[in-house]
Amino acid sequence: MDKHSVYRTNVIGAGEVGSAITVDMDKSSIHKTNSSFWDTKGNDVLGATALPLYGAFVSEEKCQLFGDVSGKKVLEIGCGSGHSLQYLGERQASELWGTDISEKQIEKTTQLLTSNGLSAKLICSPMEEACGIPEDYFDFVYSVYAIGWTTDLEGTFSMIASYLKKDGAFIFSWSHPIHKCVVAENDMLVFKKCYFDESWYSVSLGDSTLSLSDRKLSTYVNALSKAGFVIEEMIEQSDEEIMQSQNSDFAKKAKMLPVTFVIKARKL
Ligand SMILES: C[S@@+](CC[C@H](N)C(=O)[O-])C[C@H]1O[C@@H](n2cnc3c(N)ncnc32)[C@H](O)[C@@H]1O
């Protein structure tokens, strides 16, 4: 870690993490930290990040951003446990592809798909790097809670655009940056972090560490535009039924502000 590190408040998943430490953005050390986190912790820690859920309170069942995927070629960036690929495979997508930085996550996906009679082309690689994915090939490229891990958002969006056919759709979800700034304290929501702060930080979860940055919504929108996408739909609203089914502080927070955002963009 950078010797000039600064302790500060941050929010991971549902709660405040007090020991977030600002670090330099160094691509290889961030990849090392994060692949080791995902190799050991997998999806056990963060939860709710596979289709039909886009995050804790947004569901594909309600939003229908994919629509009918039968006969469509789909690629998941950061395929994690493989549950999202399974969801689309069971809905007759013609080709399933996935990439992930973690060998263990790729193994998990392989096992899950095989045990459900599905198969996919899986590649272990950081999303920022070229890894032999075909260009002008996919109807959908998507990512559920993985895009934000990239150390190069503009480069990643531009590579994703290259994988899509013309008029193909890119759908992704991530933590809403407002959620990452606000914490619940004494029955109040309190702004604890600057919305404009996009610096990288490391945080300890149990005996593991992960590194990330909270980008502004405008950073995502402008990077999409630069990569040749037009935004078709954006979702910030928490789903009423899902919130009502959970009597948690997180659900109370999700009533007041967006905790997840989802964007559907089209390649021009
Ligand atoms: C929250 S999980 C995604 C879960 C996934 N949607 C599912 O259906 O299980 C985030 C994934 O992103 C992967 N990841 C993190 N940094 C990455 C990077 N730079 N390039 C590619 N994958 C990365 C992690 O290994 C992890 O599997």
Side-chain angles (χ1 to χ4, degrees), residues 12-14 25-56 58-60 65-66 69 74-91 93 96-113 116 118 120 122-133 140-160 163 170-176 180 200-203 205 208-215 259-262:
I12 301 285
M25 206 296 275
D26 172 63
K27 185 172 146 182
S28 61
S29 69
I30 284 170
H31 282 174
K32 201 165 154 222
T33 303
N34 289 345
S35 52
S36 144
F37 174 83
W38 288 102
D39 274 348
T40 51
K41 295 289 170 191
N43 288 355
D44 307 343
V45 187
L46 301 180
T49 54
L51 291 175
L53 289 175
Y54 283 108
V58 185
S59 166
E60 167 65 10
L65 297 177
F66 279 91
V69 292
V74 305
L75 163 66
E76 178 166 10
I77 306 293
C79 60
S81 64
H83 283 94
S84 299
L85 283 169
Q86 180 192 355
Y87 178 85
L88 295 176
E90 285 170 350
R91 280 154 188 80
L96 304 174
W97 290 63
T99 67
D100 202 286
I101 198 171
S102 154
E103 286 283 1
K104 286 278 181 283
Q105 296 286 71
I106 292 282
E107 272 169 33
K108 263 195 198 174
T109 297
T110 308
Q111 278 165 12
L112 181 80
L113 295 179
N116 284 283
L118 294 163
L122 300 173
I123 302 173
C124 187
S125 167
M127 66 182 95
E128 298 93 328
E129 288 170 19
C131 58
I133 297 173
F140 289 98
V141 177
Y142 71 98
S143 183
V144 180
Y145 265 74
I147 281 297
W149 299 104
T150 183
T151 52
D152 173 12
L153 192 69
E154 287 185 3
T156 300
F157 281 179
S158 145
M159 289 177 84
I160 288 172
Y163 305 147
F170 172 37
I171 301 172
F172 72 96
S173 66
W174 187 247
S175 291
H176 198 292
K180 304 301 291 293
W200 280 79
Y201 59 92
S202 280
V203 69
L205 292 178
S208 297
T209 302
L210 52 79
S211 295
L212 68 168
S213 137
D214 303 324
R215 297 177 174 98
V259 297
T260 294
F261 74 95
V262 190

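The figures that follow rest on heavy atoms only: side chains count, while hydrogens, waters and symmetry mates do not. Just so you know, ligand 1 is whichever comes first in the structure, and atom 1 is the first atom listed for that ligand.
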Below 4.0 angstrom from a heavy atom of [X], which ligand 1 atoms are there? Numbered from 1 as shown, please.
X	result
Cys79	5 (C), 7 (C), 8 (O), 9 (O)
Gly80	9 (O), 27 (O)
Ser102	25 (O)
Glu76	5 (C), 6 (N), 8 (O)
Glu128	19 (N)
His31	19 (N)
Ser84	6 (N), 8 (O)

Whether Ser213 side chain and Trp200 backbone form a donor-acceptor pair below 3.5 Å |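 Not a single qualifying donor-acceptor pair exists.
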Structural part of Met127 in contact with ligand 1, heavy atom criterion under 4.0 angstrom |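 Both the backbone and the side chain of Met127 come within reach of ligand 1.
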Residues two or more places apart in sequence or in another chain: which of them pass ring-ring contact (aromatic ring centres under 6.0 Å, His included) with Phe66?
-> Phe140, Tyr142
Mind checking what makes ring-ring contact (aromatic ring centres under 6.0 Å, His included) contact with Phe157, not counting sequence neighbours?
-> Phe170, Phe172
Minimum side-chain heavy-atom gap Ile77-Ile160 below 4.5 Å = yes
Is any side-chain heavy atom of Asp152 less than 4.5 Å from a side-chain heavy atom of Lys27?
-> no
Return the option from [options] holding the heavy atom at the smallest distance from [atom].
atom	options	answer
atom 22 (N) of ligand 1	Leu51, Ile101, Thr49	Ile101
atom 9 (O) of ligand 1	Ala50, Ser211, Gly78, Ser81	Ser81
atom 10 (C) of ligand 1	Tyr54, Tyr145, Phe172	Tyr145

When the aromatic ring centroids of Trp174 and Tyr145 are compared, is their separation below 6.0 Å?
-> yes
Does ligand 1 have any atom sitting under 4.0 Å from a heavy atom of Ser125?
-> yes
Do any heavy atoms of Thr150 fall under 4.0 Å from ligand 1?
->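 The answer is no, since Thr150 has no heavy atom less than 4.0 Å from ligand 1.
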Consider every N or O of Trp38 and every N or O of ligand 1, then say whether any pair is closer than 3.5 Å.
-> no
Would you say ligand 1 has an N or O under 3.5 Å from any N or O of Asp100?
-> yes
Establish, from distance only, whether the side-chain atoms of Glu107 and Gln111 form a donor-acceptor pair under 3.5 Å.
->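 Judged by distance alone, the side chains do not pair up.
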Verify whether one side chain among Glu128 and Thr156 offers a donor that lies under 3.5 Å from an acceptor in the other.
-> no
Please test Thr209 against Ser202 for side chain to side chain donor-acceptor pair (under 3.5 Å), starting from the C-alpha separation and ending with a verdict.
-> CA-CA 7 Å; Thr209 302; Ser202 280; over 6 Å; no
How far apart are the closest heavy atoms of Ser175 and Lys180, and which atoms are they?
->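 That closest heavy-atom pairing would be CB-CD, 3.8 Å.
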